[in-house]
There are 2 protein chains.
Amino acid sequence: MDIIEINKVLSNKTRVNILKWLKNPELNFPPHQDIDHFNDGVCVGYIQDKTGLSQSTISTYLNSMQNADLVIPTRHGKWTYYKRNEDVIQAYIEAIQNEL
Amino acid sequence: MDIIEINKVLSNKTRVNILKWLKNPELNFPPHQDIDHFNDGVCVGYIQDKTGLSQSTISTYLNSMQNADLVIPTRHGKWTYYKRNEDVIQAYIEAIQNEL
DNA sequence: ATTACATATCTATATTTTTAGATATGTAAA
DNA sequence: TTTACATATCTAAAAATATAGATATGTAAT
């Protein structure tokens with residue numbers, strides 16, 4: 001858990017938003033066509049639509065979020081789903097609380 | 001209190017360290033020559049010495065920290081002292097807790 | 001008023017980040 | 001076994017950040 005790395009990720013509005021949206025996928029995204037839950041998170045396409053940014057930008061963002069261990073990818077057929085990594089997010093929050 | 005702005009500031013190791021050092025000035029800095037307390041924080045020169053970076057870099061860093069309201073400057077004669085802005089830091093920690 | 005010193009600002013360069021478009025890869029369906 | 005589609009990676013350009021050195025400013029002592 002690298003606070004500096006995480007803060008870098010969270011110093012961009014879109015990336016913070018993505019993390020927040022993933023907290024309540026059912027409120028922020030349409031249902032997936034192949035599965036009826038968000039257990040593994042949300043597919044890249046939906047996240048892209050919601051942000052209005054290009055596909056490559058969102059892919060890059062999600063990759064940086066994954067490198068910081070903030071999200072976990074799961075492949076389902078053609079789609080990659082991303083969900084929050086709650087353990088790391090919680091550890092980050094506690095580190096901010098205790099160290100800052 | 002702008003979380004994105006604060007995260008930008010806190011995405012650099014030196015700036016995070018400065019904020020941490022200012023939590024316990026007596027442990028991290030020598031006593032000032034003109035006053036015998038750290039009520040208004042620590043002078044720029046001591047912070048510069050501790051980091052080993054150039055004077056202009058530290059001045060820029062402190063300025064960015066001040067813009068994000070993380071620190072409060074006080075002029076004492078020739079010196080500018082910087083201390084933590086505990087209210088904003090606390091509000092930031094709570095925002096991270098509640099919103100993230 | 002001149003000098004010395006602490007800090008801020010300006011100028012400039014190297015590095016990093018942001019972002020898009022083009023291309024590649026992997027998977028499923030026809 | 002092509003085709004279509006979702007996502008990732010590569011390439012490249014613009015913008016932002018990091019940082020040093022030079023210069024400016026403000027304050028205090030002489």
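Here is the naming used below: chain letters follow the sequence lines, and residue numbers restart at 1 for every chain.
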Any chance you could measure Ile47(A), atom CD1, to Ser59(A), atom OG, to the nearest 0.5 Å?
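Reported value, rounded in 0.5 Å steps: 10.5 Å.
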
Pick from Asp69(A), Leu70(A), Asn63(A): which one makes a side-chain contact (heavy atoms from CB on, under 4.5 Å) with Asn67(A)?
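Only match with Asn67(A) under side-chain contact (heavy atoms from CB on, under 4.5 Å): Asn63(A).
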
What pairs with Lys13(B) under salt bridge (charged side-chain N to carboxylate O under 4.0 Å, His left out), at least two apart in sequence or on another chain?
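So Lys13(B) forms no salt bridge (charged side-chain N to carboxylate O under 4.0 Å, His left out) with any residue.
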
Mind checking salt bridge (charged side-chain N to carboxylate O under 4.0 Å, His left out) for Glu94(B) and listing every partner two or more places apart, or none if nothing turns up?
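By the salt bridge (charged side-chain N to carboxylate O under 4.0 Å, His left out) rule, Glu94(B) matches no residue at all.
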
Quick one: is dA8(C) close enough that its OP1 or OP2 comes under 4.0 Å of any side-chain N or O from Tyr82(B)?
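It does, given that an N or O in the side chain of Tyr82(B) lies less than 4.0 Å from OP1 or OP2 of dA8(C).
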
Please confirm whether the shortest side-chain N or O distance from Tyr46(B) to OP1 or OP2 of dT7(C) is below 4.0 Å.
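No, Tyr46(B) has no side-chain N/O under 4.0 Å of OP1/OP2 on dT7(C).
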
Base contacts versus sugar-phosphate-only contacts with protein, heavy atoms under 4.0 Å: please encode nucleotides 20-30 of chain C as B, S and - from 5' to 3'.
BBB----BS--

When we call it a touch if two heavy atoms are under 4.0 Å apart, what does Thr80(A) touch: a base, just sugar-phosphate, or nothing?
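Since only primed, P, OP1 and OP2 atoms lie under 4.0 Å of Thr80(A), the category is sugar-phosphate.
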
What are the residues of residues 7-21 of chain A, sorted by number, that bring a heavy atom to within less than 4.0 Å of DNA chain C?
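Under 4.0 Å from DNA chain C: Lys8(A), Asn12(A), Arg15(A).
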
Which parts of residues 22-40 of chain A get close to DNA chain C, meaning a heavy atom less than 4.0 angstrom away?
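Nucleic-acid contacts, sorted: none.
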
Please check if Ile89(A) and Ile6(A) belong to a single hydrophobic cluster, counting links between Ile, Leu, Val, Met, Phe, Trp and Tyr side chain heavy atoms closer than 4.5 Å.
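Ile89(A) clusters together with Ile6(A).
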
Side chains of residues 19-26 of chain A: which donor-acceptor partners sit under 3.5 Å, not counting sequence neighbours?
unit_1   : atom_1 : unit_2    : atom_2 : d
Lys20(A) : NZ     : Glu99(B)  : OE1    : 3.3
Lys23(A) : NZ     : Leu100(B) : O      : 2.9

